[in-house]
Enquirer: 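Once you've had a glance at the structure underneath, I'll fire off some questions.
Position 1 is the first residue of the sequence, and the numbers go up from there.
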Amino acid sequence: MLDASEILNANILIVDDQEANVVLLEQVLRNAGYERITSTMNPREVCSLHREHRYDLILLDLQMPEMDGFMVMDGLKEIETGGYLPVLVITAQPGHKLRALQAGAKDFVSKPFDLVEVQTRIHNMLEVRMLYQKLENHNKVLEQTVQERTAELRESEARFKSFTELSSDWYWEQDIQGKFTQVSGPVFEMLGIETNDTPGTDSPAAGLWNAAERAQLDANIANRRPFLDFVYSRSRADGSMQYLQVSGEPMFDSGCRFIGYRGIGTDITDRMHRQSE
């Protein structure tokens, strides 16, 4: 919503070649409480004045010598590239009203003036104009906020990726069926997973994992529980033991539906061998 003071503080230009009309309109506006009022009887000045001051409303007489109101609006269109002309035309010719609206004017008042009508049309046009300006400014702020948040998110994702790469041997994500959807690092080699070129066909080599440890890990995943630094092992083909440490958490979409797991893992075989010595 707008405060009355915002409308009364609008920047208004009066354009009429008749001094009596200019004086009358200025008096009407000042009596209504408007404070920022400029006037000119030279239509050739309008474009340069608007380019400098960007008026919220231009009260424009259509019938002026040398340069009429339609020519003035053509010049204003070159300034208002967005297509909005803040023009309320003044005319004594009924046939000019439709032509003025088609030329881009937003409203009109008729001569001779009905002072109540003039005040009402000016107030209504300014109210709509300023509400649209507020909406446009809000959208610009919102767009800037989105861009800033997007940049922050990308930076956060980059830091997270860097951290996971430094603190672990691999990063992984699985879908609801347990298929790997994203991996970073030598996941398949460390897990002893055989895979072909077709995504979603990964299968762990059977009979290698410590059954109890693997069952506990599978239970965590099946029950959608997070796990931290879980250690499990397998016997490699040469008879040596391999130890892996993994941490993972369930993932949920915006509707709180489970969509899979993600986590990090590290081969801690050397550390476990040192501890056992």
Enquirer: Charged N to carboxylate O under 4.0 angstrom, Lys179 versus Asp175?
Expert: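 Salt bridge flag = no for Asp175 with Lys179.
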
Enquirer: Examine the side chains of Thr40 and Asn42 and answer whether a donor and an acceptor come within less than 3.5 Å of each other.
Expert: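 The criterion, which ignores hydrogens and geometry beyond distance, is not satisfied for Asn42 and Thr40.
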
Enquirer: Shortest non-hydrogen contact from Pro86 to Asp56?
Expert: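 Distance-wise, the nearest heavy atoms are CB-O, 3.3 Å.
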
Enquirer: Do Leu101 and Val15 sit in the same hydrophobic cluster, where Ile, Leu, Val, Met, Phe, Trp and Tyr count as joined when their side-chain heavy atoms come under 4.5 Å apart?
Expert: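 Linked, Leu101 and Val15 end up in one cluster.
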
Enquirer: Look up atom CG in Asp68 and atom CG in Leu60, then write down how far apart they are to the nearest 0.5 Å.
Expert: 9.0 Å

Enquirer: Any idea which heavy atoms bring Asp16 and Met41 closest together, and the distance?
Expert: O-CG, 3.0 Å

Enquirer: Taking the side chain from Asn223 and the backbone from Ala219, do they hold a donor-acceptor pair closer than 3.5 Å?
Expert: yes

Enquirer: Please assess Glu66 against Arg44 for the test side chain to side chain contact (heavy atoms under 4.5 Å, CB included), listing each intermediate value before the final yes or no.
Expert: CA-CA 9 Å; Glu66 297 184 13; Arg44 298 189 181 279; 3.8 Å; yes

Enquirer: Does Leu13 offer a backbone N or O that forms a donor-acceptor pair with the side chain of Thr38 under 3.5 Å?
Expert: no

Enquirer: If I compare all heavy atoms of Gly178 with all of Gln174, which pair ends up nearest, and what's the gap?
Expert: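 What the structure gives for the nearest pair is O-NE2, 3.1 Å.
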
Enquirer: With side chains defined as the heavy atoms from C-beta onward, is the minimum distance between Asp267 and Leu244 less than 4.5 Å?
Expert: yes

Enquirer: Could you please spell out the steps behind the side chain to side chain contact (heavy atoms under 4.5 Å, CB included) verdict for Arg36 and Tyr55?
Expert: CA-CA 10 Å; Arg36 301 170 63 197; Tyr55 296 102; over 6 Å; no

Enquirer: Determine, stepwise, if the pair Arg236 / Thr269 fulfils side chain to side chain contact (heavy atoms under 4.5 Å, CB included).
Expert: CA-CA 12 Å; Arg236 291 188 284 210; Thr269 301; 4.1 Å; yes

Enquirer: For Leu59, which of Val22, Leu29, Val28 qualifies under side-chain contact (heavy atoms from CB on, under 4.5 Å)?
Expert: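 The residue from Val22, Leu29, Val28 that satisfies side-chain contact (heavy atoms from CB on, under 4.5 Å) with Leu59 turns out to be Leu29.
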
Enquirer: Would you compute the distance between atom CE of Met251 and atom OH of Tyr261 and round it to the nearest 0.5 angstrom?
Expert: 10.5 Å

Enquirer: For atom CD of Glu148, decide whether the heavy atoms of other residues, nucleotides or ligands shown that lie under 6.0 angstrom number more than 12.
Expert: yes

Enquirer: If you define the side chain from C-beta out and look only at heavy atoms, does anything of Glu6 sit under 4.5 Å from Leu126?
Expert: no

Enquirer: Taking atom CZ of Phe258 as the centre, report whether more than 12 heavy atoms of other residues, nucleotides or ligands fall under 6.0 Å from it.
Expert: yes

Enquirer: Check for me, please, whether Phe108 and Leu24 land in the same ILVMFWY cluster - side-chain distances under 4.5 Å, paths through other members count.
Expert: no

Enquirer: Find out whether Tyr34 and Ile7 are in side-chain contact, i.e. whether some heavy atom of one side chain is under 4.5 Å from a heavy atom of the other.
Expert: yes

Enquirer: Would you check if there is a donor-acceptor pair between the side chains of Gln27 and Asn31 at a distance under 3.5 Å?
Expert: yes

Enquirer: Walk me through it: do Phe113 and Lys111 pass the test side chain to side chain contact (heavy atoms under 4.5 Å, CB included)?
Expert: CA-CA 5 Å; Phe113 297 128; Lys111 293 181 180 179; 4.0 Å; yes

Enquirer: Please tell me whether Phe70 and His96 form a close aromatic pair, meaning their ring centres lie under 6.0 Å apart.
Expert: yes

Enquirer: Do Arg121 and Glu117 sit within salt-bridge range, that is, some charged N less than 4.0 Å from a carboxylate O?
Expert: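 Salt bridge present between Arg121 and Glu117.
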
Enquirer: For Pro65 and Asp17, which heavy atoms make the closest approach, and how far apart are they?
Expert: CD-OD2, 3.3 Å

Enquirer: Heavy-atom distance under 4.5 Å between the side chains of Arg129 and Tyr84, does that happen here?
Expert: yes

Enquirer: How many angstroms lie between OH in Tyr232 and CD in Gln245, if you round to the nearest 0.5 Å?
Expert: 11.0 Å

Enquirer: Do Gln242 and Met272 touch side chain to side chain, with heavy atoms closer than 4.5 Å?
Expert: no

Enquirer: Ignoring hydrogens, what is the shortest heavy-atom contact between Gly104 and Leu85? Give both atom names and the distance.
Expert: O-CB, 3.6 Å

Enquirer: How many angstroms lie between CZ in Arg262 and CH2 in Trp172, if you round to the nearest 0.5 Å?
Expert: 10.5 Å

Enquirer: Tell me, yes or no, whether the heavy-atom count around Glu19 atom CD, taken from other residues, nucleotides or ligands under 6.0 Å, exceeds 12.
Expert: no

Enquirer: How about Trp209 and Leu217: do any of their side-chain heavy atoms sit closer than 4.5 Å?
Expert: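 Contact flag for Trp209/Leu217 side chains = no.
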
Enquirer: Between the side chain of Gln182 and the main-chain N/O of Glu173, is any donor-acceptor distance below 3.5 Å?
Expert: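 No, because the side chain of Gln182 does not come within donor-acceptor range (under 3.5 Å) of the backbone of Glu173.
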
Enquirer: According to a 4.5 Å side-chain heavy-atom criterion applied to Ile, Leu, Val, Met, Phe, Trp and Tyr, with indirect links allowed, do Ile90 and Met64 form part of one hydrophobic cluster?
Expert: no

Enquirer: If we only count heavy atoms from C-beta on, is the His50 to Glu80 side-chain gap below 4.5 Å?
Expert: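 His50 reaches Glu80 side chain to side chain.
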
Enquirer: Are the side chains of Met73 and Leu62 in touch, meaning some heavy atoms are under 4.5 Å apart?
Expert: yes

Enquirer: Stepwise, does the side chain to side chain donor-acceptor pair (under 3.5 Å) test hold for Asn139 with Glu143?
Expert: CA-CA 6 Å; Asn139 288 338; Glu143 182 180 358; over 6 Å; no

Enquirer: Ile58 and Met71: same hydrophobic cluster, using ILVMFWY side-chain contacts below 4.5 Å?
Expert: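 Yes; Met71 is reachable from Ile58 via cluster members.
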
Enquirer: What pair of heavy atoms forms the shortest contact from Arg225 to Pro250, and how long is it?
Expert: C-CD, 4.3 Å

Enquirer: Is there a path of hydrophobic side-chain contacts, each under 4.5 Å between heavy atoms, that joins Val23 and Val109?
Expert: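 No, no single cluster joins them.
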
Enquirer: As an exercise, state the distance from OG of Ser247 to CZ of Phe230, rounded to the nearest 0.5 Å.
Expert: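 It comes to 11.0 Å.
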
Enquirer: Starting at CE of Met67, measure out to CD of Glu45 and round the result to the nearest 0.5 Å.
Expert: 11.0 Å

